[in-house]
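To keep things clear, I will list the structure first and then write my remarks on it.
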Number of protein chains: 2
Amino acid sequence: MAHPVDAGGSWASRAAERLAAAGYRLGGARAAVLDLLDEQPCALTAYEIEAALRGRGRAVGRASVYRVLDELDELGLVTRVELGQSQARYEPARPDHHHHHLVCERCGAVVPFDDAGLERAIDALSRRADFDVHGHDIVLRGACAACRGSLS
Amino acid sequence: MAHPVDAGGSWASRAAERLAAAGYRLGGARAAVLDLLDEQPCALTAYEIEAALRGRGRAVGRASVYRVLDELDELGLVTRVELGQSQARYEPARPDHHHHHLVCERCGAVVPFDDAGLERAIDALSRRADFDVHGHDIVLRGACAACRGSLS
DNA sequence: TTTTCTGCAAACTGTTTGCAAAGGC
DNA sequence: GCCTTTGCAAACAGTTTGCAGAAAA
């Protein structure tokens, strides 16, 4: 096996399959990005991905990071989110782990959350809207637990 | 009266007052941006603002547009939204006209909407969260009425 | 008349693209 | 061996900043 992209039912292995089915080859850069994303519970920026890969001795060119993320996004394998920090973030799309984000306005921390009531409200609205709704993003802004406590 | 920034209870006049109270002078660029924003029902990009002002013979330097928007955002007079189009949009903050956005993935149209159920769900969640929630953004993605109809 | 504001041009940051070399299949 | 993928460097788009002249108060 040339590249790990671990086995079984992991997100990475499913993503690798779909990439192959779409005619993509599994080169070093793609495999490295898949492996890293597979471990992420929440969204990373392209720069964070690049740095993490370099940090683990699997450096990948910046352009390749962007190219891979773009392909994955197009295939629906990652979710691209913009949290108002002027740079995109990407996270593995796991249908069973749908979530949204809280952004701390003080320290910039990004915290995932999910809420059934919110999803219900969106579903109801989507059915009523004069618009074909394919997806949604929700961002809450405020102060995270740590920053709230440390305020004067 | 040096600059129009119309009278009465308009958003622009309230914004002008708060700017003055914060120690800002009402120069030509600020007045022009206030007047333009006052007419907007939804969010514009900096580029759209610049073009609209030029179009009405009140050209304003790009840097000034950004500077004014930044000040207004800091004072809470405009709302800055990022709709996943890699550029920020700004709209007058009218507490009585709180709304969110639908973005058409086909034509890029931005359509405002509001929904009481959604706001209720967010309020409930905010009260429960381990986070001080100050605000929220919601973006629905899909196909607008026009694009939905014209699909093959 | 003092201090702020404005426009220009240059700098910056995040992202994309062209191209030659390396590498899957 | 053919064709894709990769990394580099240069190009780009949106945004920010420094500075000198224009203009509020």
For Arg80(B) and dT16(D), what is the distance between atoms CZ and C1' respectively, to the nearest whole Å?
12 Å

Check: dT3(C) base within 3.5 Å donor-acceptor of Arg25(B) side chain
yes

Look at the side chain of Ser64(B) and decide which nucleotide, out of dG14(D), dG7(C), dT6(D), has an atom nearest to it.
dG7(C)

Would you indicate what Tyr24(A) reaches in the nucleic acid, counting non-hydrogen atoms under 4.0 angstrom: base, sugar-phosphate, or nothing?
sugar-phosphate

Taking the side chain of Tyr66(A) as its heavy atoms from C-beta onward, which of dG7(C), dG14(C), dT6(D) lies nearest to it?
dG14(C)

Could you check whether any side-chain heavy atom of Leu75(A) comes within less than 4.5 Å of a side-chain heavy atom of Leu19(A), counting everything from C-beta outward?
yes

Between P of dC5(C) and CG of Leu72(B), the distance in whole Å
12 Å

Ile49(B) CD1 to dG14(D) P, straight-line distance once rounded to whole Å:
14 Å

Atom pair distance, as rounded to whole Å: CZ in Arg54(A) and C1' in dC8(D):
13 Å

Rounded to whole angstroms, how far apart are CG on Leu69(A) and C1' on dT6(D)?
15 Å

Considering all heavy atoms of both residues, which atom of Val78(A) and which atom of Leu69(A) are nearest to each other, and what is their separation?
CG2-O, 3.9 Å

Has the side chain of Arg67(B) got a donor or acceptor that lies under 3.5 Å from a partner of the other kind on the base of dG7(C)?
yes

In this structure, how many angstroms lie between the C1' atom of dT6(D) and the CZ atom of Arg58(A), rounded?
14 Å

Identify which one of Arg80(B), His97(B), His99(B) satisfies the side-chain contact (heavy atoms from CB on, under 4.5 Å) criterion when paired with Glu91(B).
His99(B)

Which is true for Ser86(A) with a 4.0 Å heavy-atom rule: it touches a base, it touches only sugar-phosphate, or it touches nothing?
sugar-phosphate

Report the nucleotide, chosen from dT15(C), dT6(D), dG14(D), that has the shortest atom-to-atom distance to any side-chain atom of Ala46(A).
dT15(C)

Arg30(B) (side chain) donor-acceptor with Val68(B) (main chain) under 3.5 angstrom:
no

Have a look at Ala20(B) and say if it touches a base, only the backbone sugar-phosphate, or nothing, with a 4.0 Å heavy-atom cut-off.
nothing

Determine whether the aromatic ring centres of residues His100(B) and His98(B) are separated by less than 6.0 angstrom.
yes

Per Leu26(B) side chain, nearest of listed nucleotides dT6(D), dC8(C), dA25(D):
dA25(D)

Mapping Arg89(B) and Ala63(A) onto DNA chain D by nearest heavy atom, which one lands closer to the 5' end?
Ala63(A)

In whole Å, I'd like the distance from the OH atom of Tyr47(B) to the C1' atom of dC12(D).
15 Å

